[in-house]
Amino acid sequence: MSDRAINFPSLVNNNKMGSAIREYYWAIASGILVLLICVHQQFPGISQIENLTLLPVGRWIDAVFSVLLVLKPVLQIVGQIVSFAYEQLALLLQALPIPFTLIALVSAAFFLAGTGPAVVVLGVLMYCIASGYWSQSMTTLALAVVAIVYSSIIGFWVGVLGHRRPFLRSWIEPALDVMQTMPTFAYLIPLLLFFGFGPSVGLIASVIFAAPPMIRNTMLGLRMVPSAISEVALMAGATPWQRLWLAEVPTARSQIMIGLNQTTMAAFSMVIVAALIGGFNDIGWEVLSSIRQARVGDSIVTGMVIVLLAVALDRVTIAAISHSSPTAKIPQRERFLRWALAILTVLIGMWCLVYRPEVSWPDSWAISAQGVDEWLSGFITKYASTLAEIKATFFFYFLLPLKIGVGKLLAGSQMATQQYYQMNAAYLIVALLGISVLLAIAVSTRASFWFMFASATLYFGLTGLPWFVMTFAVSALAFHLGGRRLAAFAALVLGFILLTGQWESASISIYICGAGVIISILIGTPIGILAAKSHFVAPIVRPVCDFFQSIPLFVFLIPVLMLFGVGDFTGLLAIVAYSIIPIVRYTEEGLRQVPEVQREAAIACGCTPRQVFLNVELPAAMPVLLLGINQAVLFSLAMLAIASLVGTAGLGQTIYVALSKNQPGIGLLAGICMALIGILADRILRASTRLGTLSEAN
Amino acid sequence: MPKLECKNVWKVYGSRPEAYSGLVRQGRVQPDDIRKLRESGAIIAAADVSFDVNVGEILVLMGLSGSGKSTVLRCISQLVQPSAGTIRLDGECLSSMSPSDLVEVRRHKMGMVFQNFGLLPHLTVVENVEFPLKVQRTALAVRRERALEMVALVGLAGKENAYPYELSGGQQQRVGIARSLASEPDLWLLDEPFSALDPLIRRQLQEEFLRLQRDLKKTIVFVTHDIMEALRVGDRIAIMKDGLIVQIGTPQDIVLNPVNEYVARFTAEVPRYRVQKVGCIMEGLSGDLNVSADLSTALSCDMAVEDAFEHFRDRDRVPVVDADGRLVGQLTASRIVNHLAKN
């Protein structure tokens, strides 16, 4: 019955009405674009942001906060309650003898997740001991465990509430978007103001950052429970509570467990970042201080601790999904091993209690940072010139044109006069117009519009592109893909960024992220295609992706920083390294999802393998590919915020500076701008996938 | 008093409930009215549905998908709140019950079988069967015993500790049947219970269902889209189209006296002798009738003509008796042949 609820007639009407505009849409848009560029050339003053009246939103936020600070005493009590559990757990983990903690954690992993993950946990903990960072690792573990427990409990209940009360869901979903796209630094500042320095800030920030995946997956899991299951429970006479606990939650279990895994990884990642606002003898702090003091070897050794802890958490929570499922059949051998491990744990515990052993680790086993240091500095000095050359080439031929534009670059900033630059532009406009008209006749008006926009971008550079040209192009795209509402949203977002004075930093952010995503697409798509096509590549690519995705963002910076120093290029590399993961994953996934029937039909029609790929597989996989790009944009924004640590300019840096200067208003404002850019990109890309699937269906 | 009474039940989705409330008061609703209502934007799943089900009777709701048969069933179980009309079980109105009373009714008086089985994936066979008792907080020993009994009843002994994913479709639906019977309901609701199964298994389960019903004598509402299934299991059949009941009657009525073209098309493929009773085509008692006195091999007059065929293997006339065993007439082979030829 429900399919009749869709209002088909109105959809059809809309299309009829819009078809007249749509026919000439891109031609009109191209006309306006040319006009805007001419306006910019004729009256350069208009595009100067300094001439606009800006809204001091940052100061308004500060004012609100100064009022809210009345709440500080109350919130500090809350903070103490929050950090109480962490302090107790940290004390316990520090006090317990190492052998006991080791065997207890390995046994726990074995119970929850089986043999493989238990071995991984054992290896990771051995590394922690060998590297000499056991105590810091335990502090981090305590922080992470408490953050995970809080965020998964809160996330679960919010998810259940959102499932049960549909009107709440419409509030929860946008809130989640903001929580996940807002850079964490941005809300660290107000949290610091309210809660003061201490672990509670890190914990609360972790909950804000890590609860959303749990909420989403809980809602998704409960929504996917077949309606028959809920009806069965109702017909058996279950109360609402019994229905939830006995029928729906167990049925949604694996989806909720996926949420738990994602929440675990997010919480762990955030716990590491939170070290930035003050260390508590944890491993994040160790990494940060070794980076700051340029102790390369140490930063690698400690970075490895983080990576390995992340891998262990990931393995255990992933394997637990199937291993501790109630329907899993546990072999006899494993039952026996469980008992053996439990007894061993108790015995070692008792032995530790009685003898209080001092664990002495043989020095020869210990992993020394010095060796790593020497080897690395040797490598870097040896290849210094090559590395510098790579960086310079890349910077000059790719990044700089994108940033400041070919126009300025070719003119040469010292010798060219303003007139020369202007004249160049005039020629360019004429030339472009010619090519665009040709394109419009030969291909389509849409192609000519995008050609014109792309050339304007390349000529003026992303940071030099007048704000009205940018706003118009994005809104035109939004209108084409998502109609009036999306276009209005796009104009509002860009208008907000402009009027709050964040345009310049935002355009730098867009430039770096855009460059990063483009490179990711160029490199990642072929890898994804290879992984989908080849039986040899997939088993290599998948674990690598898993591995990279489980690492906290922070760690990506260590190797690129060492090789290329601070600057845009380093930030870009970190962004590419991180945002390439979803591209590879979704490309492979999308191509694998193409139904075999379609492929067979194409082959039966006489397609060559190349034709099958281009005409059948690629179009069918397109929606998934676009989703991957969508994810890559969000990933790149997340990385951008962290990359500001290595001197990348833009909104990330604004936030970071605000953090060090304790200015919550500006920091939050920049954070909101980044979140808005992320959400806008997400909406536009999603609209394009919807359009893609619609036209396919028609 | 009928066990279950549905009176003028409506289920309308979408806005503007006032549009059909006039029709509700009017009484008899014509298909034209429904069409007009639909054009005004209302989504009508069930329109003015009325029927009674007596104790021990099987009423089949038959119709194509989207005809509203499942909606009516869900209205009876109150999984869907009817927009108008009353549903009475044992004389008690279900739609005006408080939620807690409804829970009690569902725990003790209703059992339901679902098309896609609706087994809880995390529970074993026996745990699934005892689920209705578990939510009533019955002691483990008691409910386990009862559940094992039910598992045996549906022929799954030995599979008690399997998980649903280890069972075939037919076995899964046996679990669904056992579960719906675990709390000994009076009213048994079956929503296309065998539609998801392949034809051989479907036939087998239909026979077992009838065997169970001979012992249990539940009051049953059975939803199906398969006319053969409806004819096989139903005491009475209600044929639905676009939310309305088009015709309600015994299988014989439906096949022999379809009220309109729509019903006739449904039953076009059904051989008449499958539903026609011996009593309808026999020669009644009259002067010149020469019937042998031996009634031990006589046909019963409610027997389907199809089942009478084998009695004519070695003779060409057989006496017919009524339910009390009194001689009422006779059937001859030539009469059957004549009758078949007429159809």
Side-chain angles (χ1 to χ4, degrees), chain A residues 1-13 164 166 218 220-258 260 320-332 335, chain B residues 11 13-14 38 41-46 65-68 70-71 74 77-80 99-100 102-124 127-128 130-137 162-166 176 179-180 182-183 185 189 191 243:
Chain A
M1 288 275 92
S2 64
D3 54 342
R4 291 202 192 160
I6 302 168
N7 203 350
F8 283 117
S10 72
L11 205 75
V12 173
N13 272 344
R164 279 290 162 92
T218 305
L220 178 69
L222 290 176
R223 197 163 56 234
M224 286 195 324
V225 170
S227 61
I229 297 279
S230 313
E231 289 182 344
V232 161
L234 266 176
M235 287 311 293
T239 58
W241 189 252
Q242 286 177 323
R243 178 155 55 108
L244 182 71
W245 271 123
L246 298 178
E248 291 172 347
V249 169
T251 310
R253 181 185 172 280
S254 61
Q255 193 67 44
I256 295 174
M257 289 292 283
I258 289 172
L260 184 68
I321 294 174
S322 55
H323 191 82
S324 21
S325 146
T327 57
K329 297 252 150 90
I330 297 177
Q332 199 58 43
R335 270 172 224 252
Chain B
K11 180 65 199 177
Y13 293 98
R38 286 221 167 90
I43 294 158
I44 300 165
S65 60
S67 62
S70 283
T71 306
R74 281 177 164 63
S77 59
Q78 296 287 309
L79 287 172
V80 165
S100 59
L102 201 59
V103 164
E104 283 308 304
V105 168
R106 286 180 180 146
R107 283 182 177 180
H108 301 294
K109 288 191 168 178
M110 282 183 189
M112 186 158 169
V113 181
F114 294 83
Q115 178 176 10
N116 293 313
F117 322 139
L119 300 187
L120 301 170
H122 61 289
L123 300 180
T124 60
E127 285 166 344
N128 258 296
E130 70 182 15
F131 182 78
L133 302 171
K134 186 176 172 188
V135 299
Q136 296 175 29
R137 301 202 174 75
Y163 283 99
Y165 69 88
E166 297 169 306
R179 180 178 58 193
S180 68
S183 56
L189 306 170
D191 183 10

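The shortest heavy-atom contact between A:Val232 and B:Phe114 is CG2-CE1, 3.3 Å. Residue B:Val103 comes nearest to A:Ala238 through the heavy atom pair CG2-O, 4.3 Å, listed as atom of the first residue, atom of the second, then distance. Residue B:Pro132 comes nearest to A:Ala236 through the heavy atom pair CA-CB, 3.7 Å, listed as atom of the first residue, atom of the second, then distance. When all heavy atoms of B:Phe131 and A:Ala247 are compared, the pair lying nearest together is CZ-CB, 4.3 Å. When all heavy atoms are compared, the tightest approach of B:Tyr165 to A:Thr327 is OH-O, 3.4 Å.
From A:Thr239, atom OG1 reaches atom CZ of B:Arg107 across 6.5 Å, with rounding to the nearest 0.5 Å. Between the NE2 atom of B:His122 and the CZ atom of A:Arg253 there is a distance of 10.5 Å, given to the nearest 0.5 Å.
The shortest side-chain heavy-atom distance between A:Pro250 and B:Leu123 does not fall under the 4.5 Å cut-off. Contact check for B:Arg179 versus A:Met235: no side-chain heavy atoms found under the 4.5 Å cut-off.
For chain A, the nearby parts of B:Leu120 are the backbone and the side chain; heavy atoms of each come within less than 4.5 Å. With a 4.5 Å cut-off on non-hydrogen atoms, A:Pro226 does not touch chain B at all. Residue contact with chain A, scored on non-hydrogen atoms closer than 4.5 Å, is absent for B:Ser183. Proximity to chain A (any heavy atom under 4.5 Å) is restricted, for B:Glu166, to the side chain, taken from C-beta onward. Contacts of A:Glu231 with chain B are made by both backbone and side-chain atoms, with heavy-atom separations under 4.5 Å. Using a 4.5 Å cut-off between heavy atoms, B:Leu189 contacts chain A through its side chain alone, with no backbone atom that close.
Ranked by heavy-atom pairs under 4.5 Å with chain A, the first of B:Pro164, B:Pro185, B:Gly118 is B:Gly118.
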